[in-house]
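If you're wondering where the values come from, they're calculated on a predicted model, not measured in any experiment. Read the numbers this way: they start at 1 and go in the same order the structure lists the ligands and their atoms. Atom set for the values below is all heavy atoms of this structure, side chains included, hydrogens, waters and symmetry mates excluded.
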Amino acid sequence: MKGTAANLEANAGPAAAIASADDAISRQLVDAVIADFPDHAPGTRPVHTLGVGVQGHFVASDVARQFCVAEHFQGHQVPATVRFSNGSGSPVRRDGWSDVRGMATRFHLKDDAATDLIAMTLGSFFSPTVADFLAFCQAARQTPVTVPSAWQKLLGMLQLKPPSPDPPPGQLMSGAAGTLAYANAHRSAQMAVFDAGTIGAPVSYARASFHAVHTFMVLGADGLRRPVRFSWQPVAGVATTNPAAPPVDDYLNAELQQRLQQWPADMVLMMAIGERGDALADPTRPWPAKRQRIVMGTLTLVQVAQDQQAVCEKISFNPCRLLPGIELSDDPILRARRGAYETSRQMRGGTACPFNPEA
Ligand code: HEM
């Protein structure tokens with residue numbers, strides 16, 4: 001029977017069914033995030049919509065190759081493309097609003113190969129599973145913003161409720177009320193929701209730290225596979241704007257352009273090594289701060305890319321675009337992002353993704 005048409009068809013059945021179930025979930029995830037931003041503009045990313053592409057290079061530290069055999073950790077200079085972004089899915093630029101920021105990095109390797117690392121300014125994610133994330137997105141639908149009166153604030157203080165910052169001037173709709181209610185009922189969402197509510201705005205994309213939040217498995221030169229988490233630290237230090245005097249709506253791209261015209265900006269890649277008992281498949285649970293951290297290398301941001309469309313807007317980063325030496329963990333959110341980002345890329349007409357070279 002092996003190799004007959006009937007046999008191939010029979011074998012294709014379950015596999016095809018799994019593929020289409022995955023496609024359906026990917027589409028559901030993308031639709032769920034789109035629904036949270038009613039002014040989403042077709043043809044753009046449904047979240048992290050507004051970004052800026054930067055070109056630079058990465059050089060691994062001397063110890064990096066001991067801990068990971070992947071090509072970009074071997075010490076030679078690797079060209080890199082970075083897209084910094086605001087977290088919102090709205091096409092209206094509000095740089096001064098409190099928001100999560102993103103840093104998607106592509107390391108360009110030999111023979112046109114590449115690997116991506118996607119990070120954000122929160123240290124943990126909102127949901128541990130796909131079902132939970134869909135429920136979270138449902139809760140995060142935007143509702144009219146209400147500013148509590150001085151009396152309500154005083155009452156809240158007397159009841160020992162955590163103070164919630166006033167919305168930035170001009171914000172009329174927000175998902176904050178729904179996400180707070182969700183976090184009150186779902187412990188796994190609490191850390192990310194509360195951090196997101198108070199995170200503020202960075203003075204520069206090059207002055208924020210960014211976390212990849214998932215666990216990855218890396219293969220060391222000693223043959224050991226270790227669970228790790230990556231984050232970027234800015235050499236210039238972390239600085240946020242003064243919430244009492246929010247800056248104008250549009251400053252982050254120009255700030256980066258001016259900064260890089262004067263001098264390159266460096267970001268250090270840190271890798272924390274997990275220990276027994278650490279959450280390996282749950283991005284809502286950060287690891288203890290005292291985990292061993294390895295300096296894996298330095299990314300030097302050199303210039304804002306001239307062709308923003310080709311270098312950054314059209315391309316599609318994907319957290320599952322890995323290379324020998326780095327593997328996915330069992331984190332279901334990490335695994336679901338592969339299909340969701342690819343579906344989003346197709347929906348917005350982005351350029352071909354190596355997962356789907358025919359597209
Ligand atoms: C199931 C969970 C998630 C879903 C469904 C989701 C969905 C998406 C989608 C659809 C995009 C646009 C992709 C494109 O069109 O190219 C995107 C972009 C992005 N996401 Fe997520 N995301 C999830 C989790 C995360 C997590 C955990 C992080 C934290 C590291 C993250 C950070 C980002 C960033 C930084 C971007 C912008 C990437 C770029 O500049 O191209 N996302 N996300």
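Only the side chain of Pro46 comes within 4.0 Å of ligand 1, judged by heavy-atom distances.
At a 3.5 angstrom cut-off on N or O pairs, Ser85 does not count as close to ligand 1.
Between Phe133 and Phe125, the gap from one ring centroid to the other is short of 6.0 Å. The aromatic ring centroids of Tyr182 and Phe126 lie 6.0 Å or more from each other.
Atoms of ligand 1 found under 4.0 Å from any heavy atom of Gly102, numbered from 1 in the order shown, are 35 (C).
Residue contact annotation: Ala119 has a non-hydrogen atom under 4.0 Å from ligand 1.
Checking Met120 against atom 21 (Fe) of ligand 1, every N/O/S atom stays at or beyond the 2.8 Å cut-off.
Among Arg348, Lys314, His48, the residue whose heavy atom sits closest to atom 34 (C) of ligand 1 is His48. Across His214, Arg83, His211, heavy-atom proximity to atom 40 (O) of ligand 1 is greatest for Arg83.
Given atom 27 (C) of ligand 1, the protein heavy atom at minimum distance is Phe125 CD1, 3.4 Å. In this structure, atom 5 (C) of ligand 1 lies nearest to the protein heavy atom Phe133 CE2, 3.5 Å.
Trp232 and Phe58 have perpendicular rings, their planes meeting at more than 60° on a 0 to 90° scale where under 30° would count as parallel. By the 30° and 60° cut-offs, the orientation of the rings of His214 relative to Phe216 is perpendicular.
With respect to Asp31 and Arg27, a salt bridge is recorded, a charged nitrogen being found less than 4.0 Å from a carboxylate O. Salt bridge absent: Asp99 and Arg94 never bring a charged side-chain N and a carboxylate O closer than 4.0 Å.
In this structure, the side chain of Thr215 engages the main chain of Leu280 through a donor-acceptor pair within 3.5 Å.
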